[in-house]
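Only one structure is covered here, and it is reproduced in the block below.
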Amino acid sequence: MNLAGQKGAHPGGVLVRVIEYRVDGGEVIRLLTDLFDHDAYPARELAVLYHERWEVESAYRQIKTFQRGRQEVLRSTDPQLVRQEVWAHLVVHHCLTGIIMQLADSNGIDPDRISFVKVLKHTRRSVVR
């Protein structure tokens with residue numbers, strides 16, 4: 001892989017392993033890695049781990065963008081209160097994820113198929129009532 005012209009690029013290029021796979025028979029994903037040992041790091045296992053890594057990013061997005069609100073910053077100014085507010089967001093996210101898991105389990109579906117935003121909106125309406 002040649003990164004010429006990019007800041008901090010290695011002059012001789014970088015050797016990478018390309019793992020290509022399809023998600024649910026649709027979108028093609030190409031994963032680049034420096035883990036070359038096929039026996040120690042099977043392609044299928046790396047693909048699954050890569051998908052799981054994006055699950056974490058999705059959770060961060062759920063909290064920062066949807067749950068907290070796009071333009072809303074933490075209201076607290078005291079460090080202890082900031083920690084308390086962050087923990088409150090994490091607890092609420094954990095509870096909403098619990099609701100999603102229960103819905104998925106009772107309907108026999110993958111939890112990833114349930115919209116976090118819809119559960120959040122429904123919960124907000126229920127709390128307001």
Side-chain angles (χ1 to χ4, degrees):
M1 178 176 197
N2 189 343
L3 303 173
Q6 293 187 20
K7 186 177 179 180
H10 190 275
V14 178
L15 187 62
V16 295
R17 174 181 171 197
V18 179
I19 299 170
E20 186 174 286
Y21 61 96
R22 288 193 182 276
V23 177
D24 297 328
E27 181 184 7
V28 174
I29 303 291
R30 286 182 190 88
L31 174 62
L32 305 180
T33 181
D34 62 354
L35 302 173
F36 299 107
D37 187 339
H38 295 266
D39 295 324
Y41 308 104
R44 182 171 182 74
E45 197 172 301
L46 291 178
V48 168
L49 288 172
Y50 182 72
H51 177 75
E52 291 300 317
R53 180 247 190 265
W54 279 106
E55 292 290 325
V56 173
E57 291 297 326
S58 294
Y60 290 148
R61 182 172 181 245
Q62 289 168 350
I63 294 169
K64 290 169 55 178
T65 304
F66 303 121
Q67 180 180 315
R68 183 181 55 106
R70 286 186 294 191
Q71 297 299 319
E72 189 171 324
V73 295
L74 297 175
R75 292 175 282 241
S76 306
T77 55
D78 178 79
Q80 183 61 32
L81 294 175
V82 168
R83 278 191 287 279
Q84 180 180 347
E85 195 170 344
V86 169
W87 276 110
H89 279 292
L90 292 172
V91 167
V92 168
H93 187 267
H94 179 74
C95 293
L96 292 170
T97 302
I99 291 168
I100 290 170
M101 296 303 289
Q102 287 178 350
L103 285 169
D105 188 47
S106 63
N107 291 288
I109 59 175
D110 183 345
D112 292 336
R113 300 292 178 224
I114 298 175
S115 167
F116 177 83
V117 174
K118 286 184 180 178
V119 170
L120 175 63
K121 287 179 179 179
H122 179 75
T123 304
R124 282 181 175 158
R125 283 192 305 268
S126 297
V127 169
V128 170
R129 274 189 252 137

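What's counted below: heavy atoms across the whole structure, side chains too, no hydrogens, waters or symmetry copies. Note that the coordinates shown come from a computational prediction; the quantities given were computed from them, not determined experimentally.
A continuous path of hydrophobic side-chain contacts links Ile63 to Trp87 [ILVMFWY only; heavy atoms under 4.5 Å]. By the rule that hydrophobic residues join a cluster once side-chain heavy atoms approach within less than 4.5 Å of another member, Leu35 and Val16 end up as members of separate clusters. Each of Val117 and Met101 belongs to its own hydrophobic cluster when Ile, Leu, Val, Met, Phe, Trp and Tyr are linked at side-chain heavy-atom distances under 4.5 angstrom.
Between the CG atom of Leu49 and the CG atom of Leu31 there is a distance of 9.5 Å, given to the nearest 0.5 Å. To the nearest 0.5 Å, the span separating OG1 on Thr97 from CG on Leu90 amounts to 10.5 Å. Atom CD1 of Ile29 is separated from atom CZ of Arg22 by 10.5 Å, given to the nearest 0.5 angstrom.
Sequence neighbours left out, the pairs with a member in residues 43-52 that pass side chain to side chain donor-acceptor pair (under 3.5 Å) are Tyr50-Trp54, His51-Glu55. For the side chain to side chain donor-acceptor pair (under 3.5 Å) condition, the pairs that include at least one residue of residues 99-116, sequence neighbours left out, are Asp24-Arg113. Pairs passing the ring-ring contact (aromatic ring centres under 6.0 Å, His included) check and including a residue from residues 92-129, sequence neighbours excluded, read His93-Phe116.
Evaluation of the salt bridge (Lys or Arg N to Asp or Glu O under 4.0 Å) rule for Glu20 yields Arg30 as partners, not counting sequence neighbours. For Arg125, the salt bridge (Lys or Arg N to Asp or Glu O under 4.0 Å) criterion is met by no residue, not counting sequence neighbours. Val56 is linked by a side-chain contact (heavy atoms from CB on, under 4.5 Å) to Tyr60, counting only residues two or more places apart in sequence or in another chain. Take Val119 and apply the side-chain contact (heavy atoms from CB on, under 4.5 Å) test, not counting sequence neighbours, and it matches Leu96, Ile99, Ile100, Leu103, Ile114, Thr123. Every residue meeting the salt bridge (Lys or Arg N to Asp or Glu O under 4.0 Å) condition with Arg53, not counting sequence neighbours, appears here in chain and number order: Glu57. Scanning for side-chain hydrogen bond (donor to acceptor under 3.5 Å, both in side chains) contacts around Arg61 gives an empty result, with sequence neighbours left out. For Asp34, the side-chain contact (heavy atoms from CB on, under 4.5 Å) partners at least two apart in sequence or on another chain are Phe36. Residues passing the side-chain contact (heavy atoms from CB on, under 4.5 Å) test with Asp37 are Asp39, Ala40, Tyr41, sequence neighbours excluded.
For Arg17 (side chain) and Thr33 (main-chain N/O), no donor-acceptor pair under 3.5 Å exists by modelled atom type. Within the 3.5 Å criterion, the main-chain N or O of Val92 finds no donor-acceptor partner in the side chain of Gln67.
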Only distances under 3.5 Å count here; give the side-chain donor-acceptor pairs of residues 77-84 to other protein atoms, sequence neighbours excluded, each with its distance to 0.1 Å.
residue: Asp78; atom: OD2; partner: Gln80; partner atom: N; Å: 3.1
residue: Asp78; atom: OD2; partner: Leu81; partner atom: N; Å: 3.4
residue: Gln80; atom: OE1; partner: Arg83; partner atom: NH2; Å: 3.1

